[in-house]
Amino acid sequence: MVNLIHKVYRYWRLHGTAALWRIIIHKLFHNQNSFPSLAPTQVSESQRVPSQVAHMLNSRFQAITPLRCYTLPIQQNARINIVTDSIAKNSLFGGVGTSLIFAALLANKKQAQLRIITRTERSRPENVEQILSLYGIKLEREIQFKFAAPSDHKYEIDIGEKDTFITTSWWTTAATLPSVPHQQIVYLLQEDERMFYPYGDDRLRCESILHNQDIRFLINTELLFNHLVDDGFENIRENGEWFEPAFPIEIFHPREKTPQEKLKFFFYARPNNLRNLFYLGIETIEMAISSQILDLDKWEIYLVGKDIPSLTFGNGYVPKVCENLAWSEYAELLGLMDMGLSLMYTPHPSYPPLDLAASGAVAVTNRFASKRELHQYSSNIICADAHCHALLEAIRIAADLAINKDSRRENYNKNGLNTNWERAFEKIINRFCDSE
Amino acid sequence: MPMFRIDLCTVAYSNPWDIPLEDRLRALTRGKQRIAYFYETANNSTFRYRAYNMAQTLNEVAPNDISASFFFLADLHRIDDIVGYADILVVCRTGYSHHINQLITRFRTKGKRVLFDIDDLVFDTRYAHLIISTLDQDLEKPKVWDYWFSYLARMGETLRLCDGAITTNNFLAQKIIEFSGKETHVVPNFINREQLEISEKIYQRKVESNFARDERICIGYFSGSPSHNLDYDLITSALVEVLDSDPRVEVMIAGYIEAGPELAKFSNRIQYQQFRDYVNLQLLLGSVEFNLMPLQLNDFTQCKSELKYFEAAIVGTLSIASPAHTYANAIQDEVNGYISQAHQWSSTIRRAIDNLAEYQQLATNAHNDARLRYAGFNQHETILKALKII
């Protein structure tokens, strides 16, 4: 009953009173049992009605439906806006968290308000507090939250000339471009997003956005920046800057363990994120176990990520599975790890290997394109070609390093990772402020 | 659902401003310097704060040669007397019409000053869209646009006709000056005698009982109008989290807001109270531990006064408020209340609950502050300065 009430309420908020009445009257007279879903429904061949092209395109690419903005004639204060899908707890890892930290620091520097615009679900403000307080960032001005669902025809976003929009993906950028002056848009690009897709319409549209000449780009890591520039994105060279992410010691550091504890092995497991090469990973782990590189008498295996299936290794070893961790819980867990395998079939180093190195563990990851070695971050990160045997050899080297406490600690102490987000963004934020 | 043990019954209420015109004219003529407040028709909100309370304070506290009274549209058949007796006219939040123009013209012809008192950012049509959006009105209805553009334009025109303005806070004063160029003074909203009397009784009961409570912790949200949907949205997820984590917590919702489906599973811990008169509302305010004052911040909402704070403070109830201009000026965090940014409602409510041991001290601070800064008997000089009598 509560779910039905919630569905009715949500339908009313999205479509309005008139539409709700139509549905209710339709139900009363046509005696249907379920409330209409907001998602497209399957219809039989005989029920198919030809769709208008515009409708079909809107439906297929709903995520790029333009933001519904109206212009304020007068704007008192500057404002930094983030446009992102969601700030749900499990969305805050990695890129979204980084965008929040950047936006908060920029807002404070510009004495601006921060506004978070989400597209797929309403914000839970407590999640923002969790991240900002974890990183010791206190917002100097009030924050706003706006839910701008593509299917909602009622919401509005007020904008003025003192608004800066930080977009966090090609689709949020595409949704922002029609409604916001382009010079006010900064695309925080944290992956070669073309690689999310096979060659098709989505990839094409993504590439088109990446080629935009009018907006500014902020690229996560010099590696990714160089990759994009080398791949022909002159606009990114002209209008882009890069930064290296930070791993504050207060959050990422080795945790105390008892001598009796087994060594801990971390695998970044996201089977539904294809670029994380889940199957290559479990195949490699299986080989590592059977070849005694990972001796299960000495090692515990943790699968950390999302949508992790139930599985066993070797002769029925059940790994520990960790999902839906809060960021602080994730950092605590990392601090207990000795070694990890984290794969990313893209040019970005990805955060988990860096998280592991920052937390004192030895990390194995794969090479891709210009991502050959990651020694500039840490000598405790070992790169190998993306196939089983190469990764297996890397795990063997990593395991030896993991148990060699002196070498491991020496490498950790010489880590080249940024440890402070203010420093990481300082020059970029100063340039932003100077240019306005 | 008593949380604080107040043991006071509701009082019989009738509008104290229901006074015959003759009596109001007599009140005006008592002094040598006479101020006439004008409002279209009496109500519990703007009229009470900006006309009734002002006149009451001037008559009861100001020097004896000052007198004031209030008049309505229905009184304008006696316009000659009003114009003849009064020295200053204060037109409170009234839109332009032929009546208003004629009234102001009559005063100006006699060389008498006319001031415009406004308590909201509702005189500048450039803010129409922002206001309609903030109040969550139906943008698809042409009548909504017609109403608001008309309302704002008419207010703006009345302001233009006047010699100066009076308003509730500095933020709004700046907006008035930017719009009109008129000299503008601030007289905050404040508590009148009737409200103060019952509030002091409520507060004294709390003091005598050492702020004795039952084991429940009641969080109140008091909504004076249906336009607060979006403000309430700010605290919904926080209320869910707090209700989920602390079985002692209950929620009282008074006025025009529905709790919403997110709180449905806590329905046995949510109580609704109907809108009531401003005197007996103090009993309700006094019974809760915390009064929530969320406010989505933009130029329109930043112009709001701090009345929600002092109405709670005067009965020894602590408020948790968004950092709006007037709220942030009124409340010092953990001294006389709490301030919460929009992402911190859950943790701030929990912090306030964890700090219950200090409740009495903070509530005493809040009460004393409300009495000092917002009680009617302390406002006469501010009013007289705004009227430029002193």
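On a predicted model such as this, the values are computed, not experimentally measured, just so you know. Quick note: numbers below take in every heavy atom, side chains included, and nothing from hydrogens, waters or symmetry partners. Just so it is clear: chains get the letters A, B, ... in the order the sequence lines come, proteins before strands, and each one is counted from 1.
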Test your reading of the model: is there a side-chain donor-acceptor pair from [X] to the backbone of [Y], 3.5 Å cut-off?
X      : Y      : value
B:Q341 : A:R141 : yes
A:E156 : B:S133 : no
B:Q344 : A:E126 : no

Could you state the interatomic distance from [atom1] ([X]) to [atom2] ([Y]), rounded to the nearest 0.5 Å?
X      : Y      : atom1 : atom2 : answer
A:Q76  : B:Q302 : CD    : CD    : 8.0 Å
A:E129 : B:T348 : CD    : OG1   : 6.5 Å
B:L130 : A:T71  : CG    : OG1   : 12.5 Å
A:K146 : B:D233 : NZ    : CG    : 9.5 Å

* **Lys/Arg N to Asp/Glu carboxylate O, B:E140 vs A:K154, below 4.0 Å** => no

* Structure fact -> ring pair (Phe, Tyr, Trp, His ring centres under 6.0 Å) filter on A:W327, not counting sequence neighbours, yields A:F93, A:Y135

Tell me whether [X] at atom [atom1] has more than 12 heavy atoms from other residues, nucleotides or ligands lying less than 6.0 Å away.
X      : atom1 : answer
A:E161 : CD    : no
A:E329 : CD    : yes
B:K182 : NZ    : yes
B:Q332 : CD    : no
B:E178 : CD    : yes

* In terms of heavy-atom proximity below 4.5 Å to chain A, should B:T236 be classed as side chain, backbone, both, or neither? -> neither

Do you know which two heavy atoms are closest between [X] and [Y], and how far apart they sit?
X      : Y      : result
B:A342 : A:P125 : O-CB, 3.4 Å
B:D124 : A:I74  : OD2-CD1, 4.4 Å
A:E142 : B:P323 : OE2-CD, 3.5 Å

* Within a strict 4.5 Å, meaning less than it, do heavy atoms of the B:N298 and A:D158 side chains meet? -> no

* With a 4.5 Å heavy-atom cut-off, do B:H343 and A:F145 have their side chains touching? -> yes

* **Residue part contacting chain B, namely of A:Q130, when any heavy atom lies under 4.5 Å** => neither

* To do: Between chain B and each of A:L132, A:I143, A:I116, count heavy-atom pairs under 4.5 Å; write down the option with the most.
  => A:I143

